[in-house]
Amino acid sequence: MKSVLETINGGAEYLGKRGIGEARRNMEHLLAHRLGCTRMQLYTQFDRPLEEEILAPLRESLKKRGEGIPLQHLLGSVGFHGRDFLCDARALIPRPETEELAEMILKLLPEGPLEILDMGCGSGVLGLTLAAERPDSHVTLADISEDALSLTKENAEKLGIQNITLVRSDLFSSISGRFDLIAANLPYVPDGEAAEMARELRHDPALALFSGADGLDLLRRFVPESFGFLKSSGLLALEIGHDQASHVRSGLESCGFAETEIRRDLSGIARFPFARHP
Ligand code: GLN
């Protein structure tokens, strides 16, 4: 038997040696998950002895984490704007930047019932958050990936969100109608970056990450098509890569969008283009 503290220390050392960043935080999450408590609650029970029943499966997940399986896949869920979403290899692991995007959008949305589209919904975090926060509105969540849509469906059921429609669509191929808001976190990573990516990112579906030589293939298709699916004064809100702002800005402007603005993320990167249908 080992105590909670000894287990945390040992696990953090193990992960550290395998090059895992924030090894102690990772270890605390894995143990808290195993014990069914929060990370903070671990601190009040450092002396608690842990039986082999707890330690054996913990060693298994520790080994996987050491091999570069993402923490979020081992925990099976991820927090996003105050809700827990299921998270697995069917879709991109939700990123903190996308949570920032959700918060910016919620502040900008006008009052009243809206028609909203989340294009490339993945696990559903963005569109389902908007649906949950705006129960008077209707959100269409679209993705080309059946896997992603099945995860979105499970998340909607788990969270009891019903003001939604799920559509399998290659961008707008199966979308009809016009929207007050179109939000999209499409794949935007250049193909060539695959080799130098962190081990964890190889567990995200390639379909959700890569988009041609400069990462902009899908956005180049998406931006002009989106124009015709927005109502007058409708808002487009995007997430893009760290060096794509000027390309995307000129794309938006040449398609006739107005009020183009590229907002920065918490790291200061021009990450979120916003534009309006005139
Ligand atoms: N931000 C993600 C990354 O750099 C990419 C997400 C995306 O392509 N939409 O790993």
Side-chain angles (χ1 to χ4, degrees), residues 11-30 61-80 85 87-102 119-123 125-126 143-145 147-148 151 170-171 183-223 237-251 262-273:
E13 193 186 335
Y14 175 91
L15 292 177
K17 278 191 192 140
R18 278 154 190 82
I20 302 297
E22 298 187 280
R24 190 177 173 93
R25 188 182 68 82
N26 273 257
M27 181 57 202
E28 289 174 359
H29 273 296
L30 290 173
S61 39
L62 202 56
K63 182 161 171 277
K64 290 186 180 155
R65 186 68 196 94
E67 288 163 359
I69 310 256
L71 179 66
Q72 297 90 332
H73 285 182
L74 295 170
L75 302 179
S77 71
V78 62
F80 189 97
F85 287 80
C87 173
D88 60 33
R90 282 177 286 176
L92 189 81
I93 294 173
R95 311 286 206 260
E97 290 86 344
T98 311
E99 202 170 355
E100 289 181 59
L101 176 61
M119 176 59 77
C121 62
S123 59
V125 282
L126 184 54
D143 207 291
I144 195 171
S145 157
D147 274 352
L151 184 55
D170 178 5
L171 293 183
N185 172 21
L186 293 169
Y188 55 66
V189 179
D191 293 343
E193 284 182 16
E196 64 209 44
M197 278 184 350
R199 280 185 294 174
E200 282 76 3
L201 298 188
R202 292 185 208 136
H203 296 269
D204 281 318
L207 187 66
L209 281 178
F210 301 111
S211 191
D214 61 359
L216 287 164
D217 279 6
L218 266 178
L219 281 159
R220 265 189 292 267
R221 271 177 64 203
F222 168 83
V223 166
L238 308 174
E239 179 182 320
I240 59 169
H242 65 96
D243 56 358
Q244 297 173 338
S246 63
H247 265 89
V248 173
R249 176 188 288 279
S250 49
I262 317 251
R263 298 194 177 200
R264 292 181 186 276
D265 66 19
L266 289 174
S267 320
I269 293 169
R271 178 72 73 189
F272 310 114

Return the [atom1] to [atom2] distance between [X] and [Y], rounded to the nearest 0.5 Å.
X: Asp170; Y: Arg221; atom1: CG; atom2: CZ; result: 4.5 Å
X: Ile144; Y: Cys121; atom1: CD1; atom2: SG; result: 12.0 Å
X: His73; Y: Ile93; atom1: NE2; atom2: CD1; result: 3.5 Å
X: Leu74; Y: Lys64; atom1: CG; atom2: NZ; result: 7.0 Å
X: Glu97; Y: Ile240; atom1: CD; atom2: CD1; result: 12.0 Å
X: Phe272; Y: Leu238; atom1: CZ; atom2: CG; result: 10.5 Å

Keeping the roles fixed (side chain from [X], backbone from [Y]), state whether a donor-acceptor pair exists under 3.5 Å.
X: Ser145; Y: Asp147; value: yes
X: Arg271; Y: Arg264; value: no
X: Asn26; Y: Gly21; value: yes

Can you give me the closest heavy-atom contact between [X] and [Y], atom names plus distance?
X: Ser211; Y: Leu218; result: OG-N, 2.8 Å
X: Leu71; Y: His29; result: CD2-CD2, 3.8 Å
X: Ala213; Y: Asp191; result: N-OD2, 4.0 Å
X: Gly212; Y: Asp217; result: CA-OD2, 3.4 Å
X: Asp143; Y: Gly122; result: OD2-N, 2.8 Å
X: Leu62; Y: Met27; result: CD1-SD, 3.4 Å

Just list the side-chain donor-acceptor pairs under 3.5 Å for residues 192-200, sequence neighbours left out, or say none.
{"residue": "Arg199", "atom": "NH1", "partner": "Gly66", "partner atom": "O", "Å": "3.1"}
{"residue": "Arg199", "atom": "NH2", "partner": "Arg18", "partner atom": "O", "Å": "3.0"}
{"residue": "Glu200", "atom": "OE2", "partner": "Arg65", "partner atom": "NH1", "Å": "2.8"}
{"residue": "Glu200", "atom": "OE2", "partner": "Arg65", "partner atom": "NH2", "Å": "3.1"}

Taking it one step at a time, do Val78 and Glu99 satisfy side-chain contact (heavy atoms from CB on, under 4.5 Å)?
CA-CA 11 Å; Val78 62; Glu99 202 170 355; over 6 Å; no
Apply side chain to side chain donor-acceptor pair (under 3.5 Å) to Ser123 and list each qualifying residue two or more places apart in sequence or on a separate chain.
none
Output all residues satisfying side chain to side chain donor-acceptor pair (under 3.5 Å) with Asp214, sequence neighbours left out; order by chain, then residue number.
Arg220
Contacts of Asp88 meeting side-chain contact (heavy atoms from CB on, under 4.5 Å) (sequence neighbours excluded), chain-then-number -> Arg90, Leu151
Mind checking what makes side-chain contact (heavy atoms from CB on, under 4.5 Å) contact with His247, not counting sequence neighbours?
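If we apply the side-chain contact (heavy atoms from CB on, under 4.5 Å) test to His247, skipping adjacent residues, the hits are Leu216.
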Between Ser77 and Gln72, is any pair of side-chain heavy atoms under 4.5 Å apart?
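No - every pair of side-chain heavy atoms lies 4.5 Å or more apart.
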Partners passing ring-ring contact (aromatic ring centres under 6.0 Å, His included) against Tyr14 (at least two apart in sequence or in another chain)
none
Option among His242, Gln244, Glu239 that satisfies the side chain to side chain donor-acceptor pair (under 3.5 Å) test with Tyr188
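Testing each of His242, Gln244, Glu239 against Tyr188, the sole residue satisfying side chain to side chain donor-acceptor pair (under 3.5 Å) is Glu239.
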Checking side chain to side chain contact (heavy atoms under 4.5 Å, CB included) against Arg95, which of Leu101, Asn185, Asp204, Val125 comes through?
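Result for side chain to side chain contact (heavy atoms under 4.5 Å, CB included) with Arg95: Asp204.
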